[in-house]
Amino acid sequence: MHAVVGRRTVLRDDLPAAADARRAEAEVIGKAYRSAHRGDDRAALVAAIADALADLAAAEERTEAVRRQVSRGYVRAGAPAADERV
């Protein structure tokens, strides 16, 4: 069996392994936040969410910057002149 994950197709058997890897990584990150906040679960959770939101905002800003660059490229290139059109 196959499943579509994002834009690629993977074997269904690979999905649990990927989920386990993400879960293990999340555990490590969670322990690091908890340790940084001296065992205060609420503070650790709030900090993790704040960091995730900041990362998301930064990614959105980078995506928008790339879109602007592509848009400027199209504007600078302009439409081909009548004698250049095929």
Side-chain angles (χ1 to χ4, degrees):
M1 278 280 166
H2 291 85
V4 176
V5 177
R7 291 187 177 189
R8 61 189 185 108
T9 302
V10 297
L11 295 174
R12 284 211 187 268
D13 295 342
D14 293 341
L15 293 176
D20 288 344
R22 283 190 303 271
R23 189 179 324 270
E25 185 177 8
E27 287 285 337
V28 170
I29 293 168
K31 286 178 184 177
Y33 273 99
R34 190 168 192 254
S35 174
H37 292 277
R38 298 185 184 103
D40 184 345
D41 292 337
R42 184 182 183 285
L45 178 61
V46 170
I49 292 170
D51 288 349
L53 290 172
D55 289 346
L56 179 61
E60 289 173 346
E61 287 175 15
R62 287 189 302 271
T63 300
E64 187 56 34
V66 169
R67 285 186 184 136
R68 285 192 304 270
Q69 290 295 335
V70 169
S71 178
R72 284 189 197 125
Y74 285 122
V75 170
R76 286 183 183 155
D83 59 339
E84 293 176 359
R85 292 184 189 149
V86 177

Which other residues belong to the hydrophobic cluster containing I49, where Ile, Leu, Val, Met, Phe, Trp and Tyr are joined when side-chain heavy atoms lie under 4.5 Å apart, directly or via other members?
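L45, L53, which link up through side-chain heavy atoms under 4.5 Å apart, make up the rest of the cluster.
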
Pairs where residues 40-54 contributes a residue and the test side chain to side chain donor-acceptor pair (under 3.5 Å) is met, not counting sequence neighbours:
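Found Y33-D51, R34-D41.
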
According to side chain to side chain donor-acceptor pair (under 3.5 Å), does anything in residues 52-66 pair up with another residue at least two apart or in another chain? List the pairs.
none

